[in-house]
A.B. asks: 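Dropping a structure here in structure tokens format, bear with me for questions.
Given the structure is predicted, the values throughout are model-derived calculations rather than measurements.
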Amino acid sequence: MRRIYSTMMVCLATVVVSAQEKTAGLPGDTTLPSTKEELTKLAASEVKTFKYAVEDYFARPKQSVFKLSPDGKYFSYREKDASGKRHVFVKNIQTGETKKVLEEGKELIRDYGWVNSRRLIYIQDQGGNENYQLYAVDLDGSNDLALTPFSNVRVSILKVLKDQPDFLIIQMNKDNPEIFEPYKINIRTGALEKLYENKDAANPIAGYDFDKDGNLRGYSKQEGGTNYSFFYRESVSSPFKKIKETTWKDNFSIIDFDYTSKNKNLAYVLSNLTSNTAEIQLYDLKTNTPVKTLYSNKVFDSEGLETSRKRNYEIDYFSYTGEKSEIVPVSAAFKKLYARFKSQFGKYQFGIISKTDEEDQYLLIVTSDKLYGKYYTYDLKTDKFTLLADLMPKLKEEDMAEMRPVKFKSRDGLDLYGYITIPKEAKSGAKVPLIVNPHGGPYGPRDEWGFNPETQLFASRGYATIQVNYRGSGGYGKSFSLAGSKQIGRNMLNDLEDGVAYAKSLGFIDGDKVAIYGGSYGGLATLGSLVKTPELYKCGVDYVGVSNLFTFYKSFPPYWKPFLAQVYEQWYNPEDEQEKKIIEQISPALNIDKINKPLFVVQGANDPRVNIHESDQIVKSLRSRGFDVPYMVKYNEGHGFGHEDNRIELYKCMVGFFAYHLK
């Protein structure tokens, strides 16, 4: 019912420690990282001059992350200064007056948004440790307040209460680092009220469902680590009753409650209990029965729906991700609006970032595989679109590469989907090198169509990139997801190899020049591929990747501990003798003698998901065998690099590494 996913977060001073220097107090073995001089030399391996530099793809836009205030009087955005810090500004739409309301300092502002028309919230952690803390500030920059100033506590938002504009419902692991409890918080004062106790640490509550008035109506309780029970109550004065029992393999979750009906027990539920793909159902929680299926797709999982608060919460549209992101209009009002957007933007993909409370103004983001992104506002009353910002005007669409959706069969008959980004050289008849880029996770996330600065950078240097949504990836139904269970290091890697074979069949790939690069689980897949089929690849890049499942399990952050039994069922169980042998066979750090191709390793020192020891042991072992392994470590980063200068340096070194080994 609730799953744990190890997705990669690619969310100011760079710290590079000399390989000869031992620094106290820093994570990992500080004698291992390559020196700045060594990394600079690696980047210099790319000797050609190109129309677009690495910075053109990976420098943050000058202005970005636009958001519309609920009353439509202001929009906010982030603006980068000369040192790369991205501050938050608010602009009065009528007067044009602009004011900086948040100054980004040493720690990155990871995200921000409007709660009401007077106050914004934002989150920060410490150096990428993902212990997110919540802050709030007035639209004029005053009353900047730390709402959750607690050490080693992770906060997330559960519910925005539109009818109680000074309040949010959050959850945090304040009283027990392994479990989360819900609180109502006053965003002006920071006053907290615990709304429910998560008492049973052995069988904790894993998810809470609040209605629009802030009432806890249901919760999902984990039992034995792998099973779930859903409890529901009809009103705040009624007791909770268990109405559903599922396992981690199932999906039964409340999207929202139905506020259009006199029956207060109706909810919109995402469920795959009676279907392979997740459906959106209207569900009666009192009788524990589906009323009707509102939307389903035979191939792809449904994802969500949007309602109109202005029009008594009628459903405006459903959404899912197929080959591209899709919106399915429902209400008459939104069908008209959607048709207007389609007529305006044509072949481009658009998403609704926000709308005003009156639903008379919209903020849209328009993208494609070749367009980084443009923000537009739309005024419903005047039927006028206004271009707010072109995020990367320097990157011309005509110079960008096509990202083509693909579908092919695995060797054991599964339909596999993915994307291949094709450099212009291939369309001119040349044979080009290929980079295989497995996504993180592995269970749940998937690759999607759109502008990808990584694959565009690679294409600009003459490389094709294939991204395979291997078995276990999210979005393709229950059977495809479960086909990935117990297949890390085995059939999951076969799917990548089958993707290489498919790419070669297209006729423009140089089969002797194939590399593999991935982050998080993608890093494990990179290492595993260099162990399993080293003859297939010329080189690999491991970015914050797992290398040893035994040590990986032991380094879980405390709030992952309740999910360990699920991980054992879905990944491998080290307490089972047969599966322990499999772990030994598929953990790259335990099979280092089989790696004989060049490797570049990248790690954030403060990574709470993949501990730095995962990368350290790979680098140390390979170097002990005489391999020259460049190793980039950043001591102000976690699970993926968020600082602009670190990102730029990373990709300069990466294209240098590929140039040295693929050209």
Side-chain angles (χ1 to χ4, degrees), residues 4-8 28-29 32 436 438-443 470-472 484-497 516-537 539-557 560-561 563-604 607-625 627 629 631 639:
I4 183 170
Y5 297 141
S6 176
T7 54
M8 173 183 169
D29 185 341
L32 293 176
V436 183
H439 64 73
Y443 304 108
Y470 46 78
R471 66 192 70 203
S485 296
K486 309 291 188 186
Q487 294 304 318
I488 290 172
R490 302 197 285 177
N491 277 328
M492 281 184 170
L493 296 187
N494 290 347
D495 292 345
L496 301 182
E497 296 160 24
I516 185 165
Y517 149 63
S520 194
Y521 163 77
L524 173 57
T526 294
L527 296 171
S529 295
L530 295 182
V531 167
K532 182 174 179 288
T533 50
E535 71 282 356
L536 188 60
Y537 301 102
C539 61
V541 178
D542 163 28
Y543 183 23
V544 296
V546 176
S547 69
N548 182 336
L549 263 60
F550 293 113
T551 54
F552 174 59
Y553 292 162
K554 291 177 180 178
S555 67
F556 277 6
W560 279 15
K561 299 286 177 64
F563 297 91
L564 191 58
Q566 174 187 321
V567 173
Y568 284 177
E569 275 198 12
Q570 196 173 22
W571 293 51
Y572 299 105
N573 184 355
E575 297 170 6
D576 178 281
E577 283 303 313
Q578 288 301 114
E579 294 193 10
K580 180 181 178 182
K581 292 178 182 177
I582 296 174
I583 293 175
E584 292 169 349
Q585 292 166 1
I586 61 93
S587 289
L590 305 180
N591 295 275
I592 208 74
D593 58 305
K594 297 178 182 177
I595 297 179
N596 56 25
K597 295 297 173 64
L599 179 68
F600 175 31
V601 180
V602 183
Q603 182 68 43
D607 191 339
R609 308 187 192 194
V610 178
N611 187 277
I612 191 172
H613 182 55
E614 294 297 307
S615 292
D616 278 1
Q617 58 187 302
I618 281 287
V619 172
K620 189 175 295 185
S621 296
L622 281 174
R623 286 181 179 169
S624 71
R625 292 180 54 220
F627 279 78
V629 183
Y631 186 26
H639 197 60

A.B. asks: Are Leu496 and Ser529 packed together at the side-chain level, in the sense that at least one heavy-atom pair is separated by less than 4.5 angstrom?
C.D. replies: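 Answer yes - side chains close enough.
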A.B. asks: For Lys486, does the NZ atom sit with more than 12 other heavy atoms under 6.0 Å from it, leaving out its own atoms?
C.D. replies: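 Enclosed: over 12 neighbouring heavy atoms sit under 6.0 Å from NZ of Lys486.
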A.B. asks: Look at the side chain of Arg623 and the backbone N and O of Val629, then say whether any donor-acceptor pair between them is shorter than 3.5 Å.
C.D. replies: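 Such a contact is found between Arg623 side chain and Val629 backbone.
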A.B. asks: Answer whether the closest heavy-atom distance between the side chains of Leu524 and Pro588 falls below 4.5 Å.
C.D. replies: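 Answer yes - side chains close enough.
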A.B. asks: Checking the side chain of Asn591 only, and the main-chain atoms of Ser587 only, is there a donor and an acceptor separated by less than 3.5 Å?
C.D. replies: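 Yes.
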A.B. asks: Ignoring hydrogens, what is the shortest heavy-atom contact between Gly440 and Tyr470? Give both atom names and the distance.
C.D. replies: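 The answer is O-OH, 3.5 Å.
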A.B. asks: Under the 3.5 angstrom rule, does the side chain of Asp616 hit a backbone N or O of Leu32 as a donor-acceptor pair?
C.D. replies: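 No, Asp616 side chain to Leu32 backbone: no donor-acceptor pair under 3.5 Å.
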A.B. asks: Under a 3.5 Å threshold, yes or no: a donor from one side chain and an acceptor from the other, between Tyr517 and Asp542?
C.D. replies: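 Tyr517 vs Asp542: no donor-acceptor pair found between side chains.
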A.B. asks: State whether the side chain of Arg625 and the backbone N or O of Ser621 hold a donor-acceptor pair below 3.5 Å, judged by distance alone.
C.D. replies: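 No, the answer is negative, given that no donor and acceptor are paired below the 3.5 Å cut-off.
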A.B. asks: Taking the ring centre of each residue, are Tyr521 and Trp571 less than 6.0 Å apart?
C.D. replies: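 Judged by ring-centre distance (under 6.0 Å), Tyr521 and Trp571 do not meet the cut-off.
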A.B. asks: Between the main-chain N or O of Val610 and the side-chain N or O of Gln603, is there a donor-acceptor pair closer than 3.5 Å?
C.D. replies: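 Checking the backbone N and O of Val610 against the side chain of Gln603, a donor-acceptor pair under 3.5 Å is found.
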A.B. asks: List the atom of Gly484, the atom of Arg471, and the distance in Å for their closest heavy-atom pair.
C.D. replies: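 Looking at all heavy atoms of both residues, the shortest contact is CA-CG, 3.8 Å.
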A.B. asks: Check whether any side-chain heavy atom of Met492 lies under 4.5 Å from a side-chain heavy atom of Pro442, and answer yes or no.
C.D. replies: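 Yes, their side chains come closer than 4.5 Å.
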A.B. asks: Could you tell me how the ring of Phe552 sits relative to the ring of Trp560: parallel (under 30°), tilted (30 to 60°) or perpendicular (over 60°)?
C.D. replies: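 Rings of Phe552 and Trp560: perpendicular, over 60°.
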A.B. asks: Is Tyr572 reaching over with its side chain to a backbone N or O of Ile582, donor-acceptor style, under 3.5 angstrom?
C.D. replies: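 Answer holds: no.
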A.B. asks: Please list, chain by chain and in numerical order, all residues satisfying side chain to side chain contact (heavy atoms under 4.5 Å, CB included) with Thr551, sequence neighbours excluded.
C.D. replies: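 So Thr551 forms a side chain to side chain contact (heavy atoms under 4.5 Å, CB included) with Asn548, His613, Glu614, Gln617.
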A.B. asks: Does any non-hydrogen side-chain atom of Ser615 lie less than 4.5 Å from one of Val544?
C.D. replies: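 Heavy-atom side-chain distance check fails, nothing below 4.5 Å.
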A.B. asks: Give the minimum heavy-atom separation between Leu530 and Leu599, together with the two atoms involved.
C.D. replies: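 Where Leu530 meets Leu599 most closely, the heavy atoms are CD1-CD1, 3.9 Å.
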A.B. asks: Verify side chain to side chain donor-acceptor pair (under 3.5 Å) between Asn494 and Lys532, making sure each step is shown before the conclusion.
C.D. replies: CA-CA 10 Å; Asn494 290 347; Lys532 182 174 179 288; 2.7 Å; yes
A.B. asks: Taking side chain to side chain contact (heavy atoms under 4.5 Å, CB included) as the test, write out the residues that go with Asn573, two or more places apart.
C.D. replies: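 Partners of Asn573 by the side chain to side chain contact (heavy atoms under 4.5 Å, CB included) criterion, ordered by chain and then number, come out as Tyr568, Glu575, Asp576, Glu579.
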